[in-house]
Amino acid sequence: VQLQASGGGLVQPGGYLRLSCAASGSIFRFNVMGWYRQAPGNQRELVATITNGGGTNYEASVRGRFTISRDNTKNTVHLQMSSLRPEDTGVYYCRLQQSRTDSWGQGTQVTVSS
């Protein structure tokens, strides 16, 4: 499985960005896709996940500001981020978990700064 993320960039506090990730390869029907982030000096942490059935889970600090969605027909996952804060800065990674495989994308930088 290969994951290709896109959509990062520099944005001012209060702004918005949309991240996208496309998965290719051997993808099973039942899986979980998600976004994780890693700030300098910190461990990688969960941002949001979504199951193939649409069930979602969010890290507390992004709930209400970020929305995760997916298109099962295209094997894509998106993260709509709004009301961005400087503490949202980091490298964002997409992930696909399924039976037998756990795959990560290459990461895309998100910087929130004035």
Side-chain angles (χ1 to χ4, degrees):
V1 176
Q2 294 79 44
L3 300 172
Q4 181 68 44
S6 61
L10 172 64
V11 63
Q12 292 186 343
Y16 60 90
L17 281 174
R18 177 179 169 88
L19 305 183
S20 295
C21 179
S24 60
S26 182
I27 299 168
F28 303 149
R29 177 180 176 185
F30 299 102
N31 60 65
V32 179
M33 300 186 78
W35 290 95
Y36 294 71
R37 66 187 178 192
Q38 187 167 17
N42 290 356
Q43 291 186 337
R44 193 173 298 185
E45 64 176 5
L46 179 146
V47 176
T49 61
I50 184 167
T51 69
N52 56 281
T56 58
N57 180 47
Y58 292 93
E59 192 272 328
S61 70
V62 308
R63 198 172 293 129
R65 300 188 297 123
F66 292 9
T67 301
I68 190 169
S69 62
R70 63 186 287 168
D71 184 335
N72 290 335
T73 65
K74 299 179 180 178
N75 294 319
T76 56
V77 63
H78 308 281
L79 186 68
Q80 182 68 47
M81 305 184 292
S82 60
S83 302
L84 282 161
R85 305 168 180 169
E87 54 264 39
D88 294 318
T89 294
V91 178
Y92 283 66
Y93 298 89
C94 60
R95 181 184 188 185
L96 188 151
Q97 298 170 275
Q98 60 184 8
S99 175
R100 305 174 195 169
T101 63
D102 184 357
S103 305
W104 293 85
Q106 84 284 6
T108 184
Q109 177 70 44
V110 172
T111 303
V112 185
S113 175
S114 55

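Just so you know, these numbers use all the heavy atoms, side chains as well, and skip hydrogens, waters and symmetry mates.
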I'd like to check the side chain to side chain contact (heavy atoms under 4.5 Å, CB included) partners of Q2; sequence neighbours left out, ordered by chain and number.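 Side chain to side chain contact (heavy atoms under 4.5 Å, CB included) check on Q2 returns S24.
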L10: partners by side chain to side chain contact (heavy atoms under 4.5 Å, CB included), with sequence neighbours left out: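 With neighbours one apart ignored, the set is T111, S113.
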I'd like to check the side chain to side chain donor-acceptor pair (under 3.5 Å) partners of [X]; sequence neighbours left out, ordered by chain and number.
X    : value
S69  : none
Q106 : none
S20  : H78
E59  : S61

How would you list all residue pairs meeting disulfide (SG to SG under 2.5 Å) that involve residues 2-114, not counting sequence neighbours?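 Every pair satisfying disulfide (SG to SG under 2.5 Å) with a residue in residues 2-114: C21-C94.
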Strictly by salt bridge (charged side-chain N to carboxylate O under 4.0 Å, His left out), give each pair with a member in [range] just once, sequence neighbours left out.
range           : answer
residues 22-34  : none
residues 97-108 : R95-D102
residues 60-80  : R65-D88
residues 44-57  : R37-E45

Quick one: name the residues clustered hydrophobically with L3, using the 4.5 Å side-chain heavy-atom rule over I, L, V, M, F, W, Y, and just say none if it's on its own.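 Traced through the cluster, L3 reaches V1, V11, L17, L19, I27, M33, W35, V47, I50, Y58, V62, F66, I68, V77, L79, M81, L84, Y92, L96, V110, V112.
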